[in-house]
Number of protein chains: 2
Amino acid sequence: MKSKLNSVVFTHDSILLLSSMEKALTLTEKKRLDILAAAQDEFKEKGFLGASMDSLAKRAEVSKRTVYNHFPSKEILFHNIVKELCDSFRQAANIQYHPNKPLGEQLHFAATSEIQLLASECFRDLNRITISECIRSPELASSTLDHLGQQKEGLHVWIHEAMKDGRLKTADAHFAAQQFLGLIKASAFWPQLFMNQAFPSAEQQKIIADDTVLMFLARYKA
Amino acid sequence: MKSKLNSVVFTHDSILLLSSMEKALTLTEKKRLDILAAAQDEFKEKGFLGASMDSLAKRAEVSKRTVYNHFPSKEILFHNIVKELCDSFRQAANIQYHPNKPLGEQLHFAATSEIQLLASECFRDLNRITISECIRSPELASSTLDHLGQQKEGLHVWIHEAMKDGRLKTADAHFAAQQFLGLIKASAFWPQLFMNQAFPSAEQQKIIADDTVLMFLARYKA
DNA sequence: TAGGTAAACTGCACCGAGTAGTTTACATTT
DNA sequence: AAATGTAAACTACTCGGTGCAGTTTACCTA
């Protein structure tokens with residue numbers, strides 16, 4: 001299996017769930033997780049408007065009433081899903097600036113971990129779910145995609161420090177970080193999100209990371 | 001002055017058309033344009049699923065029956081809107097490679113015209129309308145976003161020629177074009193589309209174009 | 001220029017399907 | 001037996017789409 005994050009939530013296989021969590025789960029809690037898993041599938045597949053509570057309940061093999069016992073409304077359930085998915089990415093790859101290590105090495109690590117994040121099925125699911133709604137719901141847009149910009153924050157700080165340290169040309173650190181991530185996402189995020197393009201292979205990922213660092217340093221190295 | 005019956009079928013800009021020709025339009029044609037304009041607003045505002053044919057008809061100040069006289073179904077109407085918007089971007093900025101002009105100048109032109117395109121309210125409308133649906137409809141995704149990739153094609157060819165000419169380092173031209181556009185869109189497209197970020201001012205646009213070219217040439221100039 | 005005809009528009013009622021959310025009455029678990 | 005979960009029916013909608021009777025418009029002819 002793939003997902004190493006919050007294994008409980010993303011596991012669709014209830015038997016596995018039960019066996020791995022011992023007998024700790026009461027039936028009520030199990031149902032709750034079934035509902036969350038089914039809701040995630042339903043929303044992912046049909047979007048917020050397209051999703052139906054009946055279909056969702058059937059998916060979870062649970063009475064619709066039970067769904068409403070756990071979540072008072074469709075919207076609240078939706079926000080729970082989004083929140084939950086968001087939380088699983090709190091572990092923002094906090095890149096630390098090391099004055100002694102080579103810039104290329106540090107940047108390559110940043111690029112690789114960003115690609116790693118973009119590669120995770122989980123992360124793309126979150127985006128597929130939210131982005132459609134974000135366009136028409138600014139509130140959700142900011143609350144959610146703030147999270148997405150979190151490791152951008154980290155990179156921005158890193159760049160700023162490297163500039164202060166005289167190892168990068170002085171420039172707008174925020175803008176530079178945007179460029180760095182833009183280079184990556186142009187190949188490893190947007191095309192996969194909107195067209196159904198396959199995600200880059202391991203070799204392609206390496207090329208993307210290498211070339212991003214190469215280009216970035218060609219421009220900014222002091 | 002009389003107008004041929006079907007000369008108006010494909011519309012460029014409905015509002016402009018209406019105000020400039022006014023009397024020349026037969027009532028049927030005017031209604032048709034009213035419907036298209038209203039549909040554009042409705043879809044833009046609520047998306048495909050959220051849009052309602054009743055609300056749309058009211059917006060167009062037209063009987064719902066009339067809507068269905070012109071367009072047999074909601075889906076067909078939607079595709080008409082998308083097609084119409086697409087057609088208004090047929091003028092793909094076809095960048096031509098000039099062996100004698102400086103690379104920076106030519107690239108700067110490409111960057112500027114790309115930003116120009118991304119800046120147009122029209123173009124962002126098209127994307128806002130389609131992208132949400134593209135995620136769940138691969139068919140629409142390819143048919144529509146092919147268009148978006150058209151000027152990318154142009155750039156890719158340009159880069160290829162410059163490489164053959166020995167003025168750029170030999171590399172994957174398609175990948176390089178993707179990088180070039182990624183640099184631009186990271187600042188002037190995606191943030192505006194999903195968050196409601198304001199579009200860059202004229203000065204900011206210049207900075208983006210300058211810096212994109214700078215970075216690209218730092219990496220690829222032979 | 002007047003008049004007639006065909007086509008288009010209107011407004012409304014209506015259909016069947018589906019929606020979120022609630023209630024009721026029964027079954028299972030503990 | 002008390003508590004919780006259950007299915008199915010029910011409410012009060014909204015939706016896309018249709019049928020139809022009556023009105024308006026466009027255009028051709030006499």
Side-chain angles (χ1 to χ4, degrees), chain A residues 14 18 23-43 45-82 132-133 136-137, chain B residues 1-9 18 21-43 45-82 132-133 136-137:
Chain A
S14 38
L18 277 175
K23 190 69 180 83
L25 286 177
T26 120
L27 186 118
T28 305
E29 285 160 348
K30 173 184 156 16
K31 298 265 166 183
R32 189 193 152 87
L33 295 181
D34 284 351
I35 293 168
L36 282 170
Q40 198 178 315
D41 289 349
E42 180 81 6
F43 284 131
E45 204 171 285
K46 313 188 189 167
F48 178 74
L49 281 172
S52 130
M53 296 299 269
D54 290 82
S55 152
L56 187 158
K58 204 169 290 180
R59 232 187 244 255
E61 291 174 314
V62 141
S63 157
K64 189 162 75 151
R65 192 60 185 91
T66 305
V67 175
Y68 277 96
N69 280 341
H70 284 285
F71 306 96
S73 79
K74 185 185 186 179
E75 202 161 329
I76 289 174
L77 176 55
F78 181 73
H79 277 88
N80 264 69
I81 297 284
V82 172
S132 338
E133 317 305 325
R136 263 170 289 282
S137 153
Chain B
M1 51 156 74
K2 61 265 160 177
S3 69
K4 307 236 167 99
L5 274 184
N6 44 8
S7 66
V8 200
V9 170
L18 270 177
M21 304 200 71
E22 197 75 29
K23 280 295 175 203
L25 289 175
T26 144
L27 184 121
T28 303
E29 287 157 351
K30 174 179 154 23
K31 299 268 166 182
R32 191 194 152 86
L33 295 181
D34 284 350
I35 292 168
L36 282 170
Q40 199 176 312
D41 290 349
E42 180 81 6
F43 283 130
E45 203 171 286
K46 312 187 190 168
F48 178 73
L49 282 172
S52 131
M53 296 298 269
D54 291 83
S55 153
L56 186 159
K58 206 169 288 178
R59 233 186 243 253
E61 290 175 317
V62 140
S63 158
K64 186 164 81 158
R65 205 65 187 78
T66 304
V67 175
Y68 278 95
N69 282 343
H70 283 284
F71 306 95
S73 79
K74 186 185 187 181
E75 202 163 326
I76 289 174
L77 176 54
F78 180 73
H79 278 89
N80 265 69
I81 298 286
V82 171
S132 339
E133 317 306 326
R136 263 171 288 281
S137 151

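Just so it is clear: chains get the letters A, B, ... in the order the sequence lines come, proteins before strands, and each one is counted from 1.
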Atom [atom1] of [X] and atom [atom2] of [N]: how far apart are they, to the nearest Å?
{"X": "B:Glu61", "N": "C:dC9", "atom1": "CD", "atom2": "C1'", "value": "14 Å"}
{"X": "B:Lys74", "N": "D:dC15", "atom1": "NZ", "atom2": "P", "value": "9 Å"}
{"X": "B:Glu29", "N": "D:dT24", "atom1": "CD", "atom2": "P", "value": "22 Å"}
{"X": "B:Lys64", "N": "C:dG11", "atom1": "NZ", "atom2": "C1'", "value": "12 Å"}
{"X": "A:Asp54", "N": "C:dG21", "atom1": "CG", "atom2": "C1'", "value": "10 Å"}
{"X": "B:Leu49", "N": "D:dT14", "atom1": "CG", "atom2": "P", "value": "17 Å"}
{"X": "A:Tyr68", "N": "D:dT4", "atom1": "OH", "atom2": "C1'", "value": "20 Å"}
{"X": "B:Asn69", "N": "C:dG11", "atom1": "CG", "atom2": "P", "value": "13 Å"}

**Prompt:** Is A:Thr66 side chain donor-acceptor paired with the D:dG5 base, going by distance under 3.5 Å alone?
**Reply:** no
**Asked** Does the side chain of B:Leu77 come within less than 4.5 Å of B:Leu36's, by heavy atoms?
**Response** yes
**Asked** Could you state the interatomic distance from CD1 (B:Ile35) to OH (B:Tyr68), rounded to the nearest 0.5 Å?
**Response** 11.0 Å
Base, sugar-phosphate, or nothing for [X], non-hydrogen atoms under 4.0 angstrom?
{"X": "B:His70", "value": "sugar-phosphate"}
{"X": "A:Ser63", "value": "base"}
{"X": "A:Ala51", "value": "sugar-phosphate"}

For [X] and [Y], indicate whether the former's side chain and the latter's backbone hold a donor-acceptor pair under 3.5 Å.
{"X": "B:Lys74", "Y": "B:Phe48", "result": "yes"}
{"X": "A:Gln40", "Y": "A:Ile81", "result": "no"}
{"X": "B:Glu42", "Y": "B:Ser52", "result": "yes"}

**Prompt:** Any idea which of C:dC9, C:dG21, D:dG17 is nearest the B:Ser73 side chain?
**Reply:** D:dG17
**Fill in**
Taking C:dC9, C:dG21, C:dG11 as options, the one with an atom nearest any side-chain atom of B:Arg65 is C:dG11
**Message:** Just N and O in the side chain of B:Lys31: are any of them under 4.0 Å from OP1 or OP2 of C:dT10?
**Reply:** yes
